[in-house]
*Asks:* 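The structure's right below; bear with me while I get my questions together.
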Amino acid sequence: MSTSSPPAEVRRVAERMTTLLREKPVQFMDLVRAFPDVPYRTILLAWGEVREAHRLTREEEAGYRLPPSA
């Protein structure tokens, strides 16, 4: 069993996360649940890419959000 995630898979998940974050505020666990067939490590790597690429805002009750213009 490999512990590394293919870069293309990480990018695909990161792009989908970016789309979800533009649509509405999202809790991190909502992002995890959005990818039930993706290994948790891949989700974490994708989340890291999203956070490096974009300045997220955080609404205390609602969750993380990416401004539509980002």
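Given the structure is predicted, the values throughout are model-derived calculations rather than measurements. Count residues from 1 along the sequence.
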*Asks:* Kindly say whether Val38 contributes a backbone atom to a donor-acceptor pair with the side chain of Thr42 at under 3.5 angstrom?
*Replies:* no
*Asks:* Under 3.5 Å, which donor-acceptor pairs do the side chains of residues 23-36 form with other protein atoms, sequence neighbours left out?
*Replies:*
residue : atom : partner : partner atom : Å
Gln27   : NE2  : Glu61   : O            : 3.1
Gln27   : NE2  : Ala62   : O            : 3.3
Asp30   : OD1  : Arg33   : NH1          : 3.4
Asp30   : OD2  : Gln27   : N            : 3.3

*Asks:* Could you check Val13, Leu21, Leu66, Leu20 and say which one makes a side chain to side chain contact (heavy atoms under 4.5 Å, CB included) with Val50?
*Replies:*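 Answer after filtering Val13, Leu21, Leu66, Leu20: Leu21.
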*Asks:* With a 4.5 Å cut-off on side-chain heavy atoms, are Arg11 and Arg16 touching?
*Replies:*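 No - every pair of side-chain heavy atoms lies 4.5 Å or more apart.
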*Asks:* If we only count heavy atoms from C-beta on, is the Glu49 to Leu45 side-chain gap below 4.5 Å?
*Replies:*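 No - every pair of side-chain heavy atoms lies 4.5 Å or more apart.
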*Asks:* With Tyr64, which residues qualify under ring pair (Phe, Tyr, Trp, His ring centres under 6.0 Å), at least two apart?
*Replies:*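 Applying ring pair (Phe, Tyr, Trp, His ring centres under 6.0 Å) to Tyr64 gives Trp47.
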*Asks:* Considering only NZ, NE, NH1 and NH2 on the basic side and carboxylate oxygens on the acidic side, decide whether Arg12 and Glu9 come within less than 4.0 Å.
*Replies:*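 So Arg12 pairs with Glu9 through a salt bridge.
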*Asks:* Are Leu56 and Arg65 side-chain neighbours, meaning at least one heavy-atom pair lies under 4.5 Å?
*Replies:*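 A side-chain contact is absent here, since even the closest heavy-atom pair is not under 4.5 Å.
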